[in-house]
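So you know, we letter chains A, B, ... as the sequences are listed, proteins then strands, and number each from 1.
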Amino acid sequence: MKWVAKDIEVYLGAKEYVDTVVLPLLPVSFADDIKQTASMTEFITLLSGQLERQFKGRLLMLPGFSYIKTESEEKLLETVNHWGAEFVKQGFKHVFFVTSDSDWKAREDKLDGSLIWLPFLPLEHMDKNYLNSILEDQVKQMISLFIKKWQDRDSQ
Amino acid sequence: MSKQRVTRRQFLNYTLTGVGGFMAAGMLMPMVRFAVDPVLKHNPAGDFIVTDKKISDITNEPVRVDFSFEQQDAWYTAEVTNTAWVYKDDKGEIVALSPVCKHLGCTVDWNTDKANPEHFFCPCHNGLYTKDGTNVPGTPPSAPLDVYPYKEVDGYLALGKAAPRKEA
Ligand code: FES
């Protein structure tokens, strides 16, 4: 489900089926890595859209959390973990953060939730058909990752 | 002496208002047209979209067929990709099913649940459908998968808009 009124209405009526929440982490920078951060944000946004389509009935896809790269690590972690705590309070059993920003990879163990890090693809230079097949591949990988996490949890 | 002379000022006034009016109309018309355009244009949805699947390549094993088209939603045009599960049934009839689970809308897959081979399976809450799209009782979905109407166009499969199955 997406963060739109129509989907949220369904969510409110079927909360017990929606046990997973996904928060995309989208970096913004005006320094040398301005283009990279744009590509990361673009890529993750595209991928989250596909993921949402696949698992519409079980996960809530939140609007991305965008942050400025100059923000201190401490503060970012605090904010994101605050989101995480709220998700748990709301009864979500699986909390995922998806991002292309490798800074999160280094802080993974301090994060309350599962981090899915994917290297971004420079979408703007790609042939459309090629792009689609690559994306499909990435989405497939993510899908099996989600299914695996769900199964692990269910069998616990 | 009833004939009034048109003064230079009046003449200029009339002509300028006239020209100005034309100019205003010239500017406004496209704006008005632009504003009501989506209402006037007929909606292309409901038309059939030709996929890249050859009719002769369809077997009795369901395969995924993706097809994209431009969807016009008032002012907003977007390229959407739809998916269908396509196969030939025992009578050789083509069946094209929507992959959207009737429970809460996840995408169902063919033959991915080991415990239930030859079924459509929804990984979200273990929804199950038989090959013809009928929901298996005892699993969350409460209706059969939607069906796409289809046509043959030069040997290729063309699909319409998926709709709920008619017979119960
Ligand atoms: S969305 Fe398919 S079983 Fe719930």
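Under a hydrophobic-cluster definition in which Ile, Leu, Val, Met, Phe, Trp and Tyr are linked whenever side-chain heavy atoms come within less than 4.5 Å, directly or via other members, A/Val22 and A/Met142 are assigned to the same cluster. Placement of A/Leu12 and A/Val10 within a single hydrophobic cluster is found when ILVMFWY residues are connected by side-chain heavy-atom separations under 4.5 Å, directly or transitively. Under the 4.5 Å side-chain heavy-atom criterion for Ile, Leu, Val, Met, Phe, Trp and Tyr, A/Leu51 and A/Ile44 are members of the same hydrophobic cluster. A/Ile8 is connected to A/Leu23 through a chain of hydrophobic side-chain contacts under 4.5 Å among Ile, Leu, Val, Met, Phe, Trp and Tyr, so both are in one cluster. B/Leu97 and B/Val63 sit in two unconnected hydrophobic clusters of ILVMFWY residues. Membership requires side-chain heavy atoms under 4.5 Å apart, directly or through other members.
In terms of heavy atoms, B/Cys106 sits closest to A/Gly57 at SG-N, 3.0 Å.
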What donor-acceptor contacts under 3.5 Å connect chain B and chain A, backbone and side chains included?
| from | atom 1 | to | atom 2 | distance (Å) |
| --- | --- | --- | --- | --- |
| B/Glu79 | OE2 | A/Lys128 | NZ | 3.1 |
| B/Thr81 | O | A/Arg53 | NH1 | 2.7 |
| B/Thr81 | O | A/Arg53 | NH2 | 3.1 |
| B/Thr107 | N | A/Gln54 | O | 2.9 |
| B/Thr107 | OG1 | A/Arg53 | O | 3.2 |
| B/Cys124 | O | A/Arg58 | NH1 | 3.0 |
| B/His125 | NE2 | A/Tyr17 | O | 2.8 |

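Considering only heavy atoms from C-beta on, B/Pro123 comes within 4.5 Å of A/Phe55 through its side chain.
Looking only at heavy-atom pairs under 4.5 Å with chain A, the residue among B/Pro140, B/Cys101, B/Cys124 that has the most is B/Cys124.
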